[in-house]
Amino acid sequence: MTAPRGTQDVIPPLSGRWQELEARIHELARGFGYGEIRTPAFEATELFIRGVGELTDIVEKEMYSFTDRGGRSLTLRPELTAPVVRAALENSLLSSGAARLYYLGAIFRYERPQKGRFRQSHQFGVECFGYAGADADFEVIQLAWELARRYQISGLQLHVNTIGDERCRPAYRSALKAYFNAHRASLSEDSRRRLERNPLRILDSKAPEDAAVIAGAPPFESMLCDACRAHFDMLKHYLEEAEIPFTINPRVVRGLDYYTRTVFEIMSDALGAQSAVCAGGRYDDLVRSLGGPNLPAVGFALGVERFLMVLEGSPASREAQRSGVQLIALGSEARERLVHLLGYLRQSDGLPAFMDYEDRKLLAQLKIADRNNARYALIAGDDELAAEQLVLRDLATRQDRRIPFKYEKDTAAEIVKMRL
Ligand code: ATP
Ligand code: MG
């Protein structure tokens, strides 16, 4: 048996990096005042048709939908914004207006699996409800950017754009429609189909045959209404002040129907064709269209697998993630004494302690220490026992020092005091 196509098992040591990233995500989101929300893995299919939009790739060809034994049409969530809005409304979280929520969980999309593209993947996302101003846009962009900054990832680019609102978008839509109509023959089949109802979506097309036509499309910039322009200027001002580098990219429009004004993506060249790590924007119309009040909102979704791939390729030090101590016994007497020591160490909260129980040479045990991502090794053979000592090796710097080893309990207490 094998895992279903497009899914993956996360096993050590990679699962350790997942845990570390998850811990940072929780800390970061909490630090920005966001509370975690967990929603079901499946929802009524109707939620995604309404909340994501009928003409999107997701709804048209990527959903895992099924009919349950009770005859309901359900869908494994392909994204979490619509479920979060549904849950926020159902639990009255939006009754006082502002609310800041984040999520971290699996999404399911029937896609052609390739590098950075899976059928089950994971997203970290935030949704900031209730604020119409560019300050909230700035906040969510900074939150996403800060995750990358704290990992010292380089080579990420922030692309921002505005797609206007109900006042200025109709005129832009007409201009785009006229332009694409004039180039209709060179467009992909998907794009021709979308031309009538949503020409903006064509800008987001990934079909290679569309690229040349898209490159010549008129930019929104010239047609923005005053309010949308002021909003965009304010956002740029906030980003500049915070020294978050960005590029204005008129081709970023996002594939989902509910976006208004600000849209953004964070891209990496480390990912090849799947270059987007994070995507988001403002969606002032979504809450109302899902039956809620007229409440503005802005958020993003970040692909956890893609973020980890970027991390892998960045110099962010792995040594820093080493922790704990590997006990290495050479000989049966040393083994028994180190098992005692291990027991005492494990009673102290906070110091990971590992040990292998086979008769293995030093080198083999050091390899196991690496697999455990241990920072230190504590080594004892007959010579060390005779000298009432242990060798403490720093596995990052490869430096040895000796520590007294007369009584296991005392030595354990000493080691804990050393705050390794
Ligand atoms: P793409 O253009 O790569 O198809 P998308 O526009 O469908 O992305 P969103 O729906 O905006 O993506 O999702 C936000 C982020 O979630 C993406 O930038 C990406 O990092 C991640 N993501 C989306 N779909 C997948 C997938 N099938 N496998 C892995 N990560 C994904
Ligand atoms: Mg997609």
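Numbering of residues begins at 1 and proceeds along the displayed sequence. Counting starts at 1 for both ligands and their atoms, in listed order.
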- Query: Would a line drawn from the ring center of His183 to the ring center of Tyr179 be shorter than 6.0 Å?
  - Reply: yes
- Centroid separation Tyr102 to His26 less than 6.0 Å: yes
- Note on the structure: Within the 4.0 Å heavy-atom cut-off, what Lys206 brings close to ligand 1 is side chain
- Query: In terms of side-chain heavy atoms, does Glu46 have a donor or acceptor partner in Ser73 at a distance below 3.5 Å?
  - Reply: no
- Contact partition for Ser121 relative to ligand 1, non-hydrogen atoms under 4.0 Å: side chain
- Under 4.0 Å to a heavy atom of Ala301 - the qualifying atoms of ligand 1, by number: 14 (C), 15 (C)
- Query: Are a donor atom and an acceptor atom from the side chains of Asn161 and Glu265 found within less than 3.5 Å of each other?
  - Reply: no
- Item | Geometric class of the Phe300/Phe264 ring pair [parallel <30°, tilted 30-60°, perpendicular >60°] | perpendicular
- Task: Any atoms of ligand 1 less than 4.0 Å from a non-hydrogen atom of Glu111? List them with their elements.
- Result: 24 (N), 25 (C), 26 (C), 27 (N)
- Task: Check Arg117 against ligand 1 and report side chain, backbone, both or neither, counting heavy atoms closer than 4.0 Å.
- Result: both
- Looking at ligand 1, does Glu79 have a heavy atom less than 4.0 Å from it? no
- Message: Quick check on contacts: which atoms of ligand 1 are under 4.0 angstrom from a heavy atom of Cys278?
- Response: 18 (O)
- Atoms of ligand 1, numbered as shown, that sit under 4.0 Å from any heavy atom of Gly116: 28 (N), 29 (C), 30 (N)
- Item | Proximity of Gln123 to ligand 1 by residue part, where a heavy atom lies under 4.0 Å | side chain
- Judging by distance only, is a nitrogen or oxygen of Val277 under 3.5 angstrom from one on ligand 1? yes
- Item | Non-hydrogen atoms of Asp356 and Gln326 that approach each other most closely | N-NE2, 3.8 Å
- Message: Can you classify the ring geometry of Phe42 versus Phe66 as parallel (below 30°), tilted (30 to 60°) or perpendicular (above 60°)?
- Response: perpendicular
- Message: Please list, in number order, the atoms of ligand 1 under 4.0 Å from a heavy atom of Phe118.
- Response: 26 (C), 27 (N), 28 (N), 29 (C)
- Short version for Asp57: what comes under 4.0 Å of ligand 1, heavy atoms counted, is neither
- Identified salt bridge (charged side-chain N to carboxylate O under 4.0 Å, His left out) partner of Arg194 from the options Asp57, Asp204, Asp210: Asp57
- Item | Per-atom contacts, ligand 1 versus Ala279 - under 4.0 Å to a heavy atom | 11 (O)
- Any luck finding a side-chain donor-acceptor pair between Asp137 and His231 under 3.5 Å? yes
